[in-house]
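Worksheet: the structure to be examined is printed underneath.
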Amino acid sequence: MFHIFCPHCEELREEEEFHPKGQAHIVRPADPESCSDEAWGDYLFFRDNPRGIHHELWVHAVGCRKFFNMTRNTQTYEILETYKIGESPRVTAAGSEAPAAGAAGVDSRCPEEVRA
């Protein structure tokens with residue numbers, strides 16, 4: 001059983017109180033009408049699924065009901081850190097930079113421009 005630290009409650013709680021909600025730091029296009037159907041579909045449905053360090057969005061469903069981010073090793077299931085939305089992760093995959101604070105905010109580019 002996992003024990004997860006909620007950065008809002010500032011308590012270590014059992015995993016049954018939490019629910020994963022997918023990949024963290026997804027850049028949202030500011031004008032979806034200007035994106036192609038393929039780009040919009042990529043934004044809505046395609047997520048990274050790396051082996052190793054991964055940033056995920058979680059919710060403390062049974063506790064404070066607030067969302068937060070978690071950095072977790074998908075190979076070992078080790079939770080490396082939890083942090084509030086809008087904060088930058090301290091732990092990243094080897095050789096890569098952490099996403100900027102607020103990276104889950106609005107971006108004026110379409111998803112295909114962001115990936116380029």
Side-chain angles (χ1 to χ4, degrees):
M1 173 186 300
F2 287 129
H3 285 91
I4 299 173
F5 180 80
C6 176
H8 297 286
C9 298
E10 297 184 352
E11 293 180 352
L12 196 62
R13 307 298 296 260
E14 293 181 1
E15 72 176 297
E16 287 83 14
E17 294 188 14
F18 301 89
H19 296 290
K21 294 296 181 181
Q23 181 180 346
H25 308 289
I26 303 294
V27 179
R28 298 176 183 175
D31 185 14
E33 297 297 325
S34 67
C35 291
S36 68
D37 289 343
E38 183 179 353
W40 186 242
D42 286 348
Y43 165 71
L44 289 176
F45 301 112
F46 291 98
R47 299 291 183 253
D48 294 336
N49 188 18
R51 178 180 232 172
I53 305 298
H54 187 53
H55 303 289
E56 303 170 335
L57 181 65
W58 284 70
V59 63
H60 192 178
V62 179
C64 64
R65 298 182 186 175
K66 293 184 180 179
F67 286 83
F68 62 93
N69 293 323
M70 175 188 296
T71 303
R72 188 173 66 86
N73 187 323
T74 59
Q75 284 182 286
T76 64
Y77 299 101
E78 178 184 11
I79 296 171
L80 303 172
E81 68 178 333
T82 59
Y83 53 99
K84 294 178 181 178
I85 293 176
E87 295 178 353
S88 295
R90 294 182 316 232
V91 180
T92 61
S96 67
E97 295 183 18
V106 173
D107 194 311
S108 61
R109 300 170 291 174
C110 289
E112 70 247 6
E113 295 171 351
V114 172
R115 291 182 186 179

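We count residues from 1, following the sequence as given. Computed from a predicted structure; not experimentally measured.
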Would Val59 and His19 count as a side-chain contact (heavy atoms from CB on, under 4.5 Å) here? Give the steps. CA-CA 5 Å; Val59 63; His19 296 290; 3.9 Å; yes

When you compare the side chain of [Y] with that of [X], does any pair of heavy atoms fall below 4.5 Å?
X: Tyr83; Y: Pro89; result: yes
X: Pro29; Y: Trp40; result: yes
X: Cys6; Y: Glu11; result: no

Share the residues that join Tyr77 in a hydrophobic cluster, the rule being Ile, Leu, Val, Met, Phe, Trp or Tyr side chains under 4.5 Å apart at the heavy-atom level. Phe2, Ile4, Phe18, Trp58, Phe68, Met70, Ile79

Atom CG in Asp42, atom SG in Cys35: separation rounded to 0.5 Å? 10.0 Å

Test of understanding: with salt bridge (Lys or Arg N to Asp or Glu O under 4.0 Å), list the residues that count as partners of Glu17, not counting sequence neighbours. Arg13

Salt bridge (Lys or Arg N to Asp or Glu O under 4.0 Å) involving Glu14 - partner list, sequence neighbours excluded: none

For the pair [X] (side chain) and [Y] (backbone), establish whether a donor and an acceptor sit closer than 3.5 Å, ignoring hydrogens and angles.
X: Thr71; Y: Leu80; answer: no
X: Thr74; Y: Ile53; answer: no
X: Asn73; Y: Gln75; answer: yes

Taking the cut-offs as 6.0 angstrom to the six-membered ring centre and 45 degrees off its axis, would you call Arg65 and Phe67 a cation-pi pair? no

Can Tyr43 and Val27 be said to form a side-chain contact (heavy atoms from CB on, under 4.5 Å), step by step? CA-CA 8 Å; Tyr43 165 71; Val27 179; over 6 Å; no

Exactly one candidate in Gln23, Lys21, Arg72, His25 meets side-chain hydrogen bond (donor to acceptor under 3.5 Å, both in side chains) with Glu56; the answer is Arg72

